[in-house]
Protein chains: 2
Amino acid sequence: MPRTADHDQRRAQILGGLLRVAARDGLHAVTMRSVAAEAGVSLRLVQYYFTNKALLMRAALDRLDAESRARWADRLAALGPAPGPRARVGALLAEALPTDGPSRLFHLVWTSSAVLALTDPDLAAQAFTAGPARLERDLAAALTADRDHLAPGADPATEAARLLALAHGLGTGVLSGLRTPASAREVLDYHLDRLFPGLPAPATDAAPGDTEATHGAGTSAEAT
Amino acid sequence: MPRTADHDQRRAQILGGLLRVAARDGLHAVTMRSVAAEAGVSLRLVQYYFTNKALLMRAALDRLDAESRARWADRLAALGPAPGPRARVGALLAEALPTDGPSRLFHLVWTSSAVLALTDPDLAAQAFTAGPARLERDLAAALTADRDHLAPGADPATEAARLLALAHGLGTGVLSGLRTPASAREVLDYHLDRLFPGLPAPATDAAPGDTEATHGAGTSAEAT
DNA sequence: ACCCCCATGATACGCCTGTACCATAATGGT
DNA sequence: ACCATTATGGTACAGGCGTATCATGGGGGT
């Protein structure tokens, strides 16, 4: 095989361009040409490495999903061994808030795609509803396991639904600039205070990089 | 003036076409030509009555906003004189749930536009954040007035934020088919039960037309 | 009865989109 | 050393988009 290039690196470079365009100009501005220009490659290369636009978008969403899962795992690992129920639930939901650059990018692109999927049938094949549904089931199971720490009369399944709806609502509030990441976290802690009475909020729980919500936030871009 | 046509009716007809296209195929499928075809008029007429696409979209959003406010006012009026605090808050938030056809249409188009406005600067001039911000302030004020009915230790401002975030999260859950309108209403009632302890849910509060969530719901279409 | 102007039709223009096609340097296996 | 194959560039094509332009029928004010 002659002149063999690093396909993974090339693909990452192109996807980085895509995400930068999406973050800056919105998902509708993501075209083959704009991605190529932003990534510093020719249009032909985007075709070569991703065949067509649908596959390109799918790869981008897959990458975002993987990054998000990784951040979530990091957050859980950072809790140390045997974290309390509230800390675990808090870590889970903190990832649902677009607090820093990469997270904001993820939520922007993901939300845009989910909205498109509402009417686009083949995009809907993506896990836009399966993912959240599974998350809600898992959360309900976790709450059921910890039910003796919950407020009296609380129903784990409904509490799981309430938590996820709240987190999502807060997330879009932050995304639209209606709410700062800090205030969203406050509301979330307020909610957890009432869900887990007697369990205080962990001390320095806040992640770094909480800034005033601004448009056109930082890009994550590089490397897989 | 020769051959004078009813501009208002023509504009309503065209906007009806736009909303039908948006509901069926998504906001990205709304073009001058598709709207004209759906409304049964020529492309030129859409130009004639709305000048350009930006103004057309603005008119559509204005109409949706007006319709939504009207439904909200109806819901409040249907409560009869001197409604309890919980009934009033419930009526306010019920409108945030896409339960029937027109409401679903509104939320679909509104959410799509709001997501576009995240990166499109001149669309952002629309009241996508001003509206919700005012709503939250009003709700906070109402809760402050009714603070003696609230759960002990509740903070009205935070409760207002929590309510709206929850309602929005539930709304998008319904929109995406993740949740049925009925289950969203249940979660909302569950929340209100805890916010207003001792105040029961009003009897036949449910609006007509609660159906299983499906894609491509009914259109509202006609009349201003 | 005239005529101006509102309301509408048809069509053209330039741009951007995704995709397809043709060419060609460079290089690893033989 | 050759040659087939990978990786890349350039460009063409058909279609859809928003917008602009030209044409014209038909009914009210005078």
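Keep in mind it's a predicted model, so treat the numbers as computed, not measured. Chain naming here is simple, since letters A, B, ... match the order of the sequence lines and numbering starts at 1 in each.
- Here salt bridge (charged side-chain N to carboxylate O under 4.0 Å, His left out) pairs that include residues 158-171 of chain A, with residues two or more places apart or in two chains, are E159(A)-R162(A).
- Rounded to an integer number of Å, the gap from H28(A) NE2 to dG18(C) P is 13 Å.
- A close approach under 4.0 Å does not occur between any side-chain nitrogen or oxygen of Y48(B) and OP1 or OP2 of dG9(C).
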Are there any protein N/O atoms within less than 3.5 Å of an N/O atom in nucleotides 16-18 of chain D, and if so, which ones and at what distance?
{"residue": "dG18(D)", "atom": "OP1", "partner": "K53(B)", "partner atom": "NZ", "Å": "3.0"}
{"residue": "dG18(D)", "atom": "OP2", "partner": "M32(B)", "partner atom": "N", "Å": "2.9"}
{"residue": "dG18(D)", "atom": "N7", "partner": "R33(B)", "partner atom": "NH1", "Å": "2.7"}
{"residue": "dG18(D)", "atom": "O6", "partner": "R33(B)", "partner atom": "NH2", "Å": "3.0"}

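- You'll find that the side chain of R44(B) is closest to dC22(D), out of dA7(D), dT19(C), dC22(D).
- Counting non-hydrogen atoms under 4.0 angstrom, H7(B) reaches the backbone sugars and phosphates but no base.
- Within the structure, no pair that satisfies the salt bridge (charged side-chain N to carboxylate O under 4.0 Å, His left out) test touches residues 41-51 of chain B, not counting sequence neighbours.
- Contact annotation: side chain of R10(A) to base of dT8(D), donor-acceptor pair absent below 3.5 Å.
- In terms of the salt bridge (Lys or Arg N to Asp or Glu O under 4.0 Å) criterion, residue partners of D65(A) (sequence neighbours excluded) are, by chain and number, R69(A).
- Residue pairs meeting the side-chain hydrogen bond (donor to acceptor under 3.5 Å, both in side chains) criterion with at least one member in residues 26-41 of chain B, sequence neighbours excluded, are R20(B)-E38(B), R24(B)-E38(B), T31(B)-S34(B).
- The phosphate of dG9(C) has OP1 or OP2 within less than 4.0 Å of a side-chain N or O from S42(B).
- With respect to D100(B) and R104(B), no salt bridge is recorded, no charged nitrogen being found less than 4.0 Å from a carboxylate O.
- L163(B) contributes atom CG, which lies 10.0 Å from atom CG of L166(A) (distance to the nearest 0.5 angstrom).
- Using cut-offs of 30° and 60° on the angle between ring planes, the pair H191(A) and H191(B) is parallel.
- In this structure, Q47(A) places its CD atom 8 Å from P of dA20(C), rounding to the nearest Å.
- Rounded to 10°, the angle separating the first-five-pair axis and the last-five-pair axis of the helix from dA1(C)-dT30(D) to dT30(C)-dA1(D) equals 0°.
- Distance M57(A) CE to dT17(C) P: 15 Å, rounded to the nearest Å.
- For the pair R11(A) and D6(A), the salt-bridge criterion is not met [side-chain N within less than 4.0 Å of a carboxylate O].
- Each of D6(B) and T51(A) was matched to the nucleotide of DNA chain C holding its nearest heavy atom; the match closer to the 5' end belongs to D6(B).
- For the pair L45(B) CG and dA10(C) P, the computed distance is 10 Å after rounding to whole Å.
- When heavy atoms are screened at a 4.0 angstrom cut-off, F50(A) is found touching no nucleic acid atom at all.
- Using modelled atom types, no side-chain atom of S176(A) and backbone atom of T129(B) make a donor-acceptor pair closer than 3.5 Å.
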